[in-house]
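All residue numbers in this chain count up from 1 along the given sequence. Everything numeric here is computed off the predicted structure, so don't read it as measured data. Computation of the quantities below employed the complete heavy-atom set of this structure, encompassing side-chain atoms and omitting hydrogens, waters and symmetry-equivalent molecules. Both counts, for ligands and for their atoms, begin at 1 and track the order of listing.
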Amino acid sequence: MLTTVTYRVPTKREAKMLFGDKWLDLTEPHVMGVVNVTPDSFSDGGSLFASQSLCLDAAMVRARAMVAEGASFLDIGGESTRPGADSVSVQQELDRVIPVIEAIRASLDVVVSVDTSTPQVITAAAKAGAGLINDVRALGRSGALQAAADTQLPVCLMHMQGDPKTMQDNPIYDSIVGDIGLYFDDRVKQCSLGGIPVDRILIDPGFGFGKTLDHNLQLLKQLDQLVSKGLPVLVGMSRKSMIGSVLDRPVDERLYGGLAVSVMAYERGARIVRVHDVGPTVDSLRMAHAVMMSV
Ligand code: 9MG
């Protein structure tokens, strides 16, 4: 017997969201291109990082290409959050990300997302024109929630168990989706109390952040349960070890696996997909969207 699975697609009215000065319609899929400005970024080997000015030039070459390929967002990060990564000073983070945000805002029509957990960087990035705060620590650092609230920008709260140094040392959950759902209930409540209304919040289950391979696979399979909370869902799986482990592929050979999981996440209701390979992901999601919208 055939069974049908239905995934919830929000209505047009529900799904418009203002990112700085740009409205985006979240009934459609959007691609967020990753622009890491870190010397040790896990998947691009820190290729953007030589000197400060070379770094800015290289970041802009990558940013322009990603926008031409259809990115709606560019995510600019100055702290590596790969497993085992070292921490970075506030000044280093500011020096890395602010010039890139300013340069993108001066020349490209795209929403700039700042990937940071640091209050001073949140404030400075908003002044420089960022339209989204993407925090892998879900505004858990002291002062981050207040700084984000003051910007009046949307925030993406990501789930992580532990911290980047130790998060892959035996992560444990009662129920991966259930535990993450409860975590978001609490964070969304804290945000509301701290001045960030629910209509400015996106959530992200944090693939690879304190999760085993099985956790990551289950999370993707059951992503619709997080989507059903009614908040826009962002996901990032591009080039991550969950793809490498299943396919036994090094980081630069994970594109096809990444496209498969991006489409699966979109089909389950995720609306923003954070990736390194923008062009192929845009095409895959446009195709999936056409199928999802067909009557
Ligand atoms: C910064 N960063 C690295 N991986 C990420 C992911 O999966 N989601 C979000 N929101 N940010 C991420």
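Using a 4.5 Å heavy-atom cutoff, the side chains of Arg239 and Ile243 are not in contact.
Hydrophobic cluster membership is shared by Val273 and Val67, with clusters built from Ile, Leu, Val, Met, Phe, Trp and Tyr side chains linked at under 4.5 angstrom.
With 3.5 Å as the limit, one finds no donor-acceptor pair spanning the side chains of Ser87 and Glu79. Judged by distance alone, the side chains of Asn134 and Asp75 do bring a donor and an acceptor atom under 3.5 Å apart. Counted by atom type alone, Arg141 and Thr118 present one or more donor-acceptor pairs between their side chains at under 3.5 Å.
Neither the backbone nor the side chain of Val34 has a heavy atom within less than 4.0 Å of ligand 1. Neither the backbone nor the side chain of Val235 has any atom closer than 4.0 Å to an atom of ligand 1 (non-hydrogen atoms only).
Of all the atoms in ligand 1, the ones that sit under 4.0 Å from a non-hydrogen atom of Gly236 are 7 (O). Atoms of ligand 1 found under 4.0 Å from any heavy atom of Phe209, numbered from 1 in the order shown, are 3 (C), 4 (N), 5 (C). Proximity to Val136 (heavy-atom distance under 4.0 Å) selects the following atoms of ligand 1: 1 (C), 2 (N), 11 (N), 12 (C). For ligand 1, the atoms lying closer than 4.0 Å to a non-hydrogen atom of Asp115 are 1 (C). Within ligand 1, the atoms closer than 4.0 Å to a non-hydrogen atom of Leu234 are 10 (N), numbered from 1 in the order shown.
For a threshold of 3.5 Å applied to N or O pairs, the pair formed by Asn134 and ligand 1 contains at least one separation below that value. For the pair Asp204 and ligand 1, the shortest N or O to N or O distance falls below 3.5 Å. Close N/O approach between Cys156 and ligand 1 is not found [any backbone or side-chain N/O within under 3.5 Å]. Checked by distance only, ligand 1 and Lys240 come closer than 3.5 Å through their nitrogen or oxygen atoms.
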Result block: side-chain N/O donor-acceptor pairs under 3.5 angstrom for residues 149-158, not counting sequence neighbours:
residue, atom, partner, partner atom, Å
Asp150, OD1, Gln146, NE2, 3.0
Thr151, OG1, Ala148, O, 2.6
Thr151, OG1, Leu153, N, 3.1

Could you give the side-chain donor-acceptor pairs of residues 278-289 under 3.5 Å, partners two or more places apart or in another chain?
residue, atom, partner, partner atom, Å
Thr281, OG1, Asp277, O, 2.6
Ser284, OG, Pro280, O, 2.8
His289, ND1, Tyr266, OH, 2.6

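For His159 and Phe209, the gap between ring centers reaches or exceeds 6.0 Å.
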